[in-house]
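A quick write-up on the structure given underneath.
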Amino acid sequence: MEAWQQFYAGHGVDEMRQLSEVIRGTVWDALTEMGDEDPDATLANLTTPRHAKQGDLALPCFALAKTMKKSPQDIATDLARRVATVLTAIDGCSEVGSDGGFCNFYVDAQWLAGQTIRSILNDPDSVGHHRASSSLLIEHTSANPNGPFHVGRSRNAILGDTFVRMHRLAGDDVRAEYYVDDMGKQVGILAWSLANLDDDRVSEILAAEDMDEMPTHPHKEDHQRVRYYQAANLLKAVDPDVELGVTKLVQASEEADAEVLAIFESAYQPVLDGMLETLERLGIVFDSFTKESRFIVDGSVDVIMDRLSNSELHGTAENGAHYLELEDRGVQGKSTKFFYQRGDGSSLYATRDIAYHEWKWTEAQRLVNILGEDHRLQSKQVGIALDELDIRNPEVVFYAFTKLPDGKMSTRRGNVVYMDNLLDEACARATAIVKEMRGDLDSEELAKIGEAVGLSAVRYNIIRVSPEKGINFRWEDALSFDSDSAPFIMYSHARACSISRKLTTQGHDVKSLVANEVASGNWGGLSDTASALVKRIATFSEALDASIVNQRPNLFCSYLLSLATEYNRFYRDNHVLIDGEVNSQNLALSEAARILLSAGCSGLGIIPVESM
RNA sequence: GGGCGCGUGGCCCAGCUGGAUAAGGCGGCGGCUUCCUAAGCCGCAGAUCGCGGGUUCAAAUCCUGCCGCGCUCGCCA
């Protein structure tokens, strides 16, 4: 077990999990009686069956066949017989059976409803809390402030913000942090271009390469200044003076030259502000910004370099550059050396990153970094360096790139789809659809819902796929409002809201109806679809936790989609309002689902509108 | 060339700390609205889980070889 995974070894609160513990205990005893010498190993195979008819928990008995000299099915039958009386006598387990070599356990949906619906309705704010909370610093985005967000970069921001939200939903104390690269080559180029070029020159240079397109968002500085950045890059390729000028600036910044750092800041800050505006529209905000230069200015990078030189991995190159030899630490390839100090004594990006990590550990109990797959090696090198310095490693989430049909996105080359344009298009399309469906709403309401739907859809379409899987950007995929989408989930939530709203309009007191129902504790007569909904509801925290532990937001996406689907099925044949009469059992279920759908949406950055 | 990641129906994608009939969505075909939002629900068709070996009672899942795609191998960030 990785050290950080121990944070998850806490106690679950989900009833399903508690029940499974009870079942394990009883089965353990029975297995021992039956002659199983290692019941723990057998029980490790306890699974959740694929099909509802196979129960809610199942134990494969194949491995016991050899030692017990009986067929798996005979063992399963015997086991079921031994535990049936005890288990069905306890609350929560309605039936034990066996089939095809499995021993199947069925959860009592009535009991489960009593437990789980009550806790959700009584304490909706702690929904999703599943274990002891910890404080986290999640660093994400941290994009070079040289131009507008494009859809490739946005995967980091959306993924990162989703982790922030999921952790908060799980009860953690999270700080979202942006690491501002305020001293590298990229910013240097930007600063140089602003100091040495003007609008006409920029247009001229870009036009020569057929890149002189009118900015789609001229009022935003990120869209304006990226033209300077692109022009300077083009010029740099043909004019050595540019390289010289940039290098001079960058060197000065690395020596913590206050004047140059100030010039850099005035160059990038408006760009960064534009980028943050885009992110804010997506519901992504940061709690803190830390500048890279900070660790030069405060001298901590020098201390790091000093300490690294005492490492047994330390080496020195001919020109006085310092490195760690990582060959024996599992790094293979052409170069196994990790350089952390140039021949001239200055630091490198990765070195500052080490100082940054050391500082970050003073801020939180856990660190999470969201990084593109191009940072895999770098991250490994930094990790080994941290080991050498006795500094804990952070948790890292890597994601694969988003590609355009004609290749990798590049701000420098202008081969990009800007997030601002994607969001405009998504929200415009969504608004058009809402307008078509809801003739009763005024234009302000239409726009509000359209914006929520568009933004949520874009976010969902990015997080629904596993981070390590590459995405090929297609407009129709990015803008999809299909069944596997945020609007689908939002729609289910809006339905639940609609029911509650309707009752209130008719003069019913939803809260007290629900409170009375919960207090009565009578959950008899649940229909199949109601039972299925209850079971889905019961695994909310578990699904959230699994998504966090496995670092895969797409798992929680799937869960929430299933919850929405299950709610839709429930909705079909379990009416809350029947001929003006309220079925308060169905109301309680609907309300519990509404709370979970809303919380789940917030956890994924989907905006849970109450009407759509 | 070395390392890492990915490869699942026509398309997108889940499952990959091994377990029963590989889950969804799009597209295709066919149903369901006097009833709380049909952005919904139900059904049908469609899969040699990249290819070959191996381990196992059991492999999409683990090991191995190959093929394809991506990332990476800077005293750049």
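Side chains included, hydrogens not; waters and symmetry mates left out as well; all remaining heavy atoms used. Sequence lines set the chain letters: A, B, ... in the order given, protein chains first and strands last, and positions in each chain run from 1.
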G10(B) and G46(B): how far apart are their C1' atoms, nearest whole angstrom? 9 Å
Answer with base, sugar-phosphate or nothing: what part of the nucleic acid does V434(A) contact at a heavy-atom distance below 4.0 Å? base
Using 30° and 60° as the class boundaries, would you call the ring planes of W475(A) and F473(A) parallel, tilted or perpendicular? perpendicular
Between P of A39(B) and CD1 of I607(A), the distance in whole Å: 20 Å
Rounded P spacing from C51(B) to G18(B) in Å: 23 Å
Whole angstroms only, please: what is the CZ-C1' distance between R536(A) and G24(B)? 11 Å
On RNA chain B, more 5' by nearest nucleotide between S611(A) and L561(A) is L561(A)
In Å, rounded to the nearest 0.5 Å, how long is the span from CG of D374(A) to NZ of K408(A)? 6.0 Å
Which part of the nucleic acid, if any, lies within reach of N146(A) when heavy atoms closer than 4.0 Å are counted: base, sugar-phosphate only, or nothing? nothing
Nearest atoms (heavy-atom pairs only) where D99(A) meets N104(A): N-OD1, 3.4 Å
Determine the interplanar angle of the Y356(A) and Y179(A) rings, folded into 0 to 90°, and report it as parallel if under 30°, tilted if 30 to 60°, perpendicular if over 60°. parallel
Length of the NE2-C1' vector between H508(A) and C36(B), whole Å: 12 Å
For M612(A), which contact category applies under a 4.0 Å heavy-atom criterion: base, sugar-phosphate, or nothing? base
Across the strands shown, which category fits T565(A) at heavy-atom distances under 4.0 angstrom: base, sugar-phosphate, nothing? sugar-phosphate
Relative to its sugar, using the 90° cut-off around 0, the base of U8(B) is anti
For the pair made of CZ in F398(A) and C1' in G3(B), what is the distance, rounded to whole Å? 14 Å
Rounded to whole angstrom units, what separation is found between the CG atom of N104(A) and the P atom of U21(B)? 13 Å
Cation-pi geometry met for R376(A) and F398(A) (6.0 Å, 45°): yes
Rounded to the Å, how far apart are I489(A) CD1 and G25(B) C1'? 12 Å
Cation-pi geometry met for R412(A) and Y229(A) (6.0 Å, 45°): no
Using OP1 and OP2 only, check whether a side-chain N or O of K469(A) sits under 4.0 Å from G7(B). yes
Hey, are R594(A) and E610(A) close enough for a salt bridge, meaning a charged N less than 4.0 Å from a carboxylate O? no
Between G53(B) and U61(B), how far apart are the P atoms? Round to whole Å, please. 14 Å
What parts of residues 572-581 of chain A reach RNA chain B, counting only heavy atoms under 4.0 Å away? R572(A), N574(A), H575(A), V576(A), L577(A)
Sugar-phosphate or base contact per nucleotide [nucleotides 71-77 of chain B; S, B, -; heavy atom under 4.0 Å]: SSBSBSB
Using the benzene-type ring in the case of Trp, are the ring centres of F102(A) and F62(A) under 6.0 Å apart? yes
In whole angstrom, give me the gap between the C1' atoms of U48(B) and C44(B). 23 Å
Within the structure shown, what part of the strands sits under 4.0 Å from A58(A) by heavy-atom distance: base, sugar-phosphate, or nothing? base
Could you check whether A65(A) gets within reach of a base, just the sugar-phosphate, or nothing at all, counting any heavy atom under 4.0 Å? nothing
Can you tell me if CD on E581(A) sees more than 12 non-hydrogen neighbours from other groups inside 6.0 Å? no
Give a yes/no on whether any side-chain N or O of N461(A) is located under 4.0 angstrom from OP1 or OP2 of C12(B). no
Grab the CG-C1' distance between L589(A) and C36(B) for me, whole Å please. 15 Å
Would you classify L503(A) as touching base, sugar-phosphate or nothing, given that sugar-phosphate means primed atoms plus P, OP1 and OP2, and contacts are heavy atoms under 4.0 Å? nothing
For A39(B), take OP1 and OP2 only and decide whether either is under 4.0 Å from a side-chain N or O of S485(A). no
Salt bridge (Lys or Arg N to Asp or Glu O under 4.0 Å) contacts touching residues 338-354 of chain A (sequence neighbours left out): E254(A)-R342(A), E254(A)-R352(A), E292(A)-R352(A)
For the atom pair CG (D38(A)) and CG (L31(A)), what is the distance rounded to the nearest 0.5 Å? 10.0 Å
Which part of the nucleic acid does P49(A) contact within heavy-atom distance under 4.0 Å: base, sugar-phosphate only, or nothing? base
Is the closest basic N to carboxylate O distance between R438(A) and E445(A) below 4.0 Å? no
Kindly point out which of C6(B), C36(B), G40(B) is positioned nearest to the side chain of Y571(A)? C36(B)
From the candidates C13(B), A20(B), G40(B), the one with an atom nearest any side-chain atom of R464(A) is C13(B)
Name the nucleic acid region contacted by D482(A), choosing base, sugar-phosphate or nothing; use a 4.0 angstrom heavy-atom cut-off, strictly under. sugar-phosphate
Where does RNA chain B pair, written as one dot-bracket string 5' to 3', with Watson-Crick or G-U pairs under 3.5 Å, ( ) inside the strand, [ ] for crossing pairs and | for another strand? (((((((..(((......[....))).(((((.......))))).....(((((..]....))))))))))))....
Could you run down the sub-3.5 Å N/O contacts of the protein with nucleotides 55-60 of chain B?
residue : atom : partner : partner atom : Å
C57(B)  : OP1  : K66(A)  : NZ           : 2.8

Does some side-chain heavy atom of F338(A) sit less than 4.5 Å from a side-chain heavy atom of Y323(A)? no
Separation between the P atoms of C4(B) and C66(B), rounded to whole Å: 13 Å
Distance check needed: A20(B) P versus Q73(A) CD, whole Å only. 15 Å
Would you measure the distance from the C1' atom in G3(B) across to the matching atom in G43(B) and give it in whole Å? 50 Å
State which of A39(B), G40(B), U21(B) makes the closest approach to the side chain of R495(A). G40(B)
Charged N to carboxylate O under 4.0 angstrom, K291(A) versus D181(A)? no
In terms of heavy-atom contacts, V246(A) and W192(A) come closest through CG2-CB, 3.8 Å
Taking the same atom, C1', in U17(B) and in U21(B), what whole-Å distance lies between them? 24 Å
Sugar-phosphate only, base, or nothing, as touched by E468(A) at under 4.0 Å among non-hydrogen atoms: sugar-phosphate
Residues forming a side-chain contact (heavy atoms from CB on, under 4.5 Å) with S335(A), sequence neighbours excluded: K337(A)
Let me confirm one number: the CD1-OG distance from I489(A) to S483(A), rounded to the nearest 0.5 Å. 10.5 Å
For the P atoms, the ones on A60(B) and on G7(B), what distance do you get once it is rounded to whole angstrom? 15 Å
